[in-house]
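Data block below; observations after.
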Amino acid sequence: MYGLSEQDLSVQARARQFADELIPLEVATELAGGEIPPEQEAAHKARAIELGIFAANIAEEFGGTGRTSLQQVLIQEQVGRVTNALAWSCATPPSWLPAVATPDQIARYVRPTARGDRSECYAITEEHAGSDVDAIEATAARDGEDYVLNGIKWHVTSFNSADFAFFQAKLSNGTHAGEHAMFFVDLPTPGVRVVRTPAYSHTFGHHHPIVAFENVRVPAAQLVGAEGDGMHFAYEWFRFERLMVAARCLGGAERLIAEMTLFAKERKVGGKPIAEYGAIATMLADSMTELYAARALTYETARGIYAGADVKVAHAQCSMAKLFASEMAGRVADRAVQVFGGRGYMREYAAERLFRELRVERIWEGTSEVQREIISRQMVKRGPGALA
Ligand SMILES: Cc1cc2nc3c(=O)[nH]c(=O)nc-3n(C[C@H](O)[C@H](O)[C@H](O)COP(=O)(O)OP(=O)(O)OC[C@H]3O[C@@H](n4cnc5c(N)ncnc54)[C@H](O)[C@@H]3O)c2cc1C
């Protein structure tokens, strides 16, 4: 099905094996507040490396496993079947980085992240700059051989486990003043402190704190690419990550559909399985149909990227995949809770956890509203035929 090659099927099977090994740990992790002991997290990462699914988006010459876009989707789809971010240990370091990193940065950041020895976090969003990244107020001032960084960043995912942060700011002096730049900030570095760690809907060991960067001094060699390049990297990351969000939503929906179908077959009400009631059958059928459509769209987008699609077309198609798959997964999760009845509201059921966890897929990496803006802009510019 879906025209997967032998190699695709092998990658998919290994990723599925990884997910199946983690699923039994979910309930204990949920009830422990999402926290995973560091040695357990390290063991999961080692297992992903052993299975050849870690850093699938990084070329082999930089230490990754260099998989095709479709294979990356197949892996992240399985990651999405697991709740509580347990499978995030199968990391995807920034694939745009090798092309712009200096040899020193490749040695200090690219190779160690591809090996699983270091991990990153992204400090871009601010209190008054989320959808509109250009509204950031963080500053980077050149001072001799250094830059001095200032800003307060929100929702910095995985800050509590990261070894370094990508910090995005606007340059406050020099020929590129007012333009964006991105920096590596090793953690810990003097001047970087957690303001607070808010609680979120999901129960993850990966926190999303508000982090203050106060007169953080970094050597000029910590600049990523050139001054003025900052937004370019953000777009590269969005394109990749939106496709991976779509992939994980497919996995979440697949898990929900499998569990609700089984439950609907076994749960008897009024002397017959609830699957025989039209209202329940409709929820099953609609969920399956929408998953099939979202999967076809996501796989096709991945194939197009690997075949060298125009970057603007790929950008809009990744937005379409994220928009459709995340909204599909949200509908499927809502139905799954309903099919499970009272059990669907219990944290020990995957339906309840995925109902909470999948909600953010419509928000982060660009909200659904922002994806619609991107898609419609490209339709007007290039004509609908260019996108599908
Ligand atoms: C759990 C979590 C983890 C995150 N992790 C990170 C991270 O690691 N690093 C990071 O930098 N950021 C991170 N984010 C931030 C995330 O990317 C932003 O929350 C998201 O882009 C939306 O920005 P905002 O919250 O400021 O909402 P706003 O931009 O204030 O949007 C509010 C509402 O207005 C709508 N809106 C905005 N613009 C338009 C428009 N043009 N047309 C129509 N409607 C519009 C939005 O869709 C939304 O409904 C994370 C967020 C969450 C919730």
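This is a predicted model, so every value here is computed, not measured. No hydrogens, no waters, no symmetry mates; every other heavy atom, side chains included, goes into these values.
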- Message: Test of understanding: with side-chain hydrogen bond (donor to acceptor under 3.5 Å, both in side chains), list the residues that count as partners of H202, not counting sequence neighbours.
- Response: H208
Let me have the donor-acceptor pairs involving side chains of residues 49-61, under 3.5 Å, with sequence neighbours excluded, atom names and distances please.
| unit_1 | atom_1 | unit_2 | atom_2 | d |
| --- | --- | --- | --- | --- |
| E50 | OE1 | R47 | NH1 | 3.0 |
| N57 | ND2 | P93 | O | 2.6 |

- Nearest heavy-atom approach of G33 to T203 is C-CG2, 3.3 Å
- Using atom types as modelled and distance alone, determine if a side-chain donor or acceptor of N160 lies under 3.5 Å from a backbone N or O of H207. yes
- Those residues at least two apart in sequence (or on a different chain) that pass side chain to side chain contact (heavy atoms under 4.5 Å, CB included) with V370 are S131, T367, I374
- With a 4.5 Å limit on heavy-atom distance, are the side chains of E179 and E227 in contact? no
- Item | Separation of R359 CZ from R362 CZ (nearest 0.5 Å) | 4.0 Å
- Could you walk me through whether Y299 and E77 pass the side-chain hydrogen bond (donor to acceptor under 3.5 Å, both in side chains) check? CA-CA 11 Å; Y299 287 11; E77 187 174 358; 2.6 Å; yes
- Message: Restricting to non-hydrogen atoms, name the atom on A325 and the atom on C249 that form the minimum distance, rounded to 0.1 Å.
- Response: O-CB, 3.5 Å
- For R353, the option from E26, E348, E30 that meets side-chain hydrogen bond (donor to acceptor under 3.5 Å, both in side chains): E26
- Would you mind reporting whether V211 and V192 have side-chain heavy atoms less than 4.5 Å apart? yes
- ILVMFWY cluster, L323 and V245 together (side-chain gap under 4.5 Å): no
- Donor-acceptor contact present, side-chain R118 to main-chain P112, <3.5 Å: no
- Item | side chain to side chain contact (heavy atoms under 4.5 Å, CB included) against Y292, all qualifying residues, sequence neighbours excluded | Y2
- Taken in chain and number order and not counting sequence neighbours, the residues that satisfy side chain to side chain contact (heavy atoms under 4.5 Å, CB included) with L31 are V27
- Query: Passes side chain to side chain contact (heavy atoms under 4.5 Å, CB included), M260 versus V332? Steps please.
  - Reply: CA-CA 10 Å; M260 70 167 142; V332 171; 3.9 Å; yes
- Counterpart residues, side-chain hydrogen bond (donor to acceptor under 3.5 Å, both in side chains), relative to D286 (two or more places apart): none
- Note on the structure: Residue pairs passing the ring-ring contact (aromatic ring centres under 6.0 Å, His included) test with at least one member in residues 239-270, sequence neighbours excluded, are W237-F240, F263-F340
- Note on the structure: One should read off an interatomic distance between T298 OG1 and L70 CG, to the nearest 0.5 angstrom, of 10.5 Å
- If only atom types and distance count, is the side chain of K170 paired as donor or acceptor with the main-chain N or O of G178 below 3.5 Å? no
- Query: Heavy atoms, side chains only, cut-off 4.5 Å: are Q7 and R67 in contact?
  - Reply: yes
Which side-chain N or O atoms in residues 311-320 pair as donor and acceptor under 3.5 Å with protein atoms at least two apart or in another chain?
| unit_1 | atom_1 | unit_2 | atom_2 | d |
| --- | --- | --- | --- | --- |
| H315 | ND1 | R239 | NH1 | 3.0 |
| Q317 | NE2 | L387 | O | 2.8 |
| S319 | OG | H315 | O | 3.4 |
| S319 | OG | Q371 | OE1 | 2.8 |

- Item | Minimum side-chain heavy-atom gap C90-I75 below 4.5 Å | yes
- In terms of hydrophobic clustering (I, L, V, M, F, W, Y; side-chain heavy atoms under 4.5 Å; direct or indirect links), are V73 and F18 co-clustered? no
- Exam field: side chain Q105 to backbone A221, donor-acceptor pair closer than 3.5 Å: yes
- Quick one: CD on Q40 to OG1 on T29, what's the gap to the nearest 0.5 Å? 6.0 Å
- Query: Would the number of heavy atoms belonging to other residues, nucleotides or ligands and lying under 6.0 Å from CD of E145 be above 12?
  - Reply: no
- Message: As an exercise, state the distance from CG of L354 to OG1 of T83, rounded to the nearest 0.5 Å.
- Response: 6.0 Å
- Shared hydrophobic cluster, I136 / V185 (ILVMFWY, side-chain heavy atoms < 4.5 Å): no
- Message: Any heavy-atom pair between the side chains of R335 and L256 that's under 4.5 Å?
- Response: no
- Message: Is there a side-chain contact between E357 and N84 in this structure, where contact means two heavy atoms from C-beta onward sitting under 4.5 Å apart?
- Response: yes
- Would R81 and D20 pass as an ion pair if we require N to O under 4.0 Å? yes
- Side chain of Q168, backbone of H180: donor and acceptor closer than 3.5 Å? no
- Query: Can any side-chain N or O of D163 pair as donor or acceptor with the backbone N or O of S119 at less than 3.5 Å?
  - Reply: yes
Do any side-chain atoms of residues 273-280 form donor-acceptor pairs under 3.5 angstrom with protein atoms, and if so which ones, sequence neighbours left out?
| unit_1 | atom_1 | unit_2 | atom_2 | d |
| --- | --- | --- | --- | --- |
| Y277 | OH | V269 | O | 2.8 |

- Donor-acceptor pair, side chain of D229 and main chain of A226, under 3.5 angstrom: yes
- Task: Group every Ile, Leu, Val, Met, Phe, Trp and Tyr by side-chain heavy-atom contacts under 4.5 Å, then state whether M283 and Y349 land in the same group.
- Result: yes
- Under 3.5 Å, side chain of R142 to main-chain N/O of G144, donor-acceptor pair present? yes
- Task: For side chain to side chain contact (heavy atoms under 4.5 Å, CB included), just list the numbers for E127 and I210, CA-CA rounded to whole Å, side-chain angles, deciding distance to a tenth of an Å, and then say yes or no.
- Result: CA-CA 9 Å; E127 183 176 8; I210 298 172; over 6 Å; no
- Query: When you look at NZ of K268, are more than 12 heavy atoms from neighbouring residues, nucleotides or ligands closer to it than 6.0 Å?
  - Reply: no
- Message: Tell me whether M328 shares a hydrophobic cluster with M288, the cluster being built from Ile, Leu, Val, Met, Phe, Trp, Tyr side chains joined at under 4.5 Å.
- Response: yes
- Begin from the C-alpha positions of Q76 and T92 and carry the test side chain to side chain contact (heavy atoms under 4.5 Å, CB included) through to its verdict. CA-CA 9 Å; Q76 288 302 307; T92 52; 3.5 Å; yes
- Message: Would you say that more than 12 heavy atoms from the other residues, nucleotides or ligands in this model lie under 6.0 Å from the CD of E259, or not?
- Response: yes
- Query: Can you check whether E365's main-chain N or O pairs, donor with acceptor, with R242's side chain at less than 3.5 Å?
  - Reply: yes
- Note on the structure: Residues pairing under ring-ring contact (aromatic ring centres under 6.0 Å, His included) where one sits in residues 124-163, two or more places apart or in two chains, turn out to be Y147-F183, H155-Y200
- Point-to-point distance, once rounded to the nearest 0.5 Å, from CG of L243 to NZ of K322: 12.0 Å
- Enumerate the residue pairs fulfilling ring-ring contact (aromatic ring centres under 6.0 Å, His included) with a member in residues 74-117, sequence neighbours excluded, ordered by first and then second residue. W88-F204, W88-H206, W96-F166, W96-F233, Y109-F164, Y109-F184
- Qualifying salt bridge (charged side-chain N to carboxylate O under 4.0 Å, His left out) pairs, either residue in residues 368-377, two or more places apart: E327-R372
- Between E41 and K45, is there a salt bridge with N-O shorter than 4.0 Å? no
- Item | Rounded distance [0.5 Å steps], CG in L25 versus NE2 in H44 | 5.0 Å
- Message: With a 4.5 Å cut-off on side-chain heavy atoms, are D186 and R108 touching?
- Response: yes
- Under 4.5 Å between any side-chain heavy atoms of I257 and E254, yes or no? no
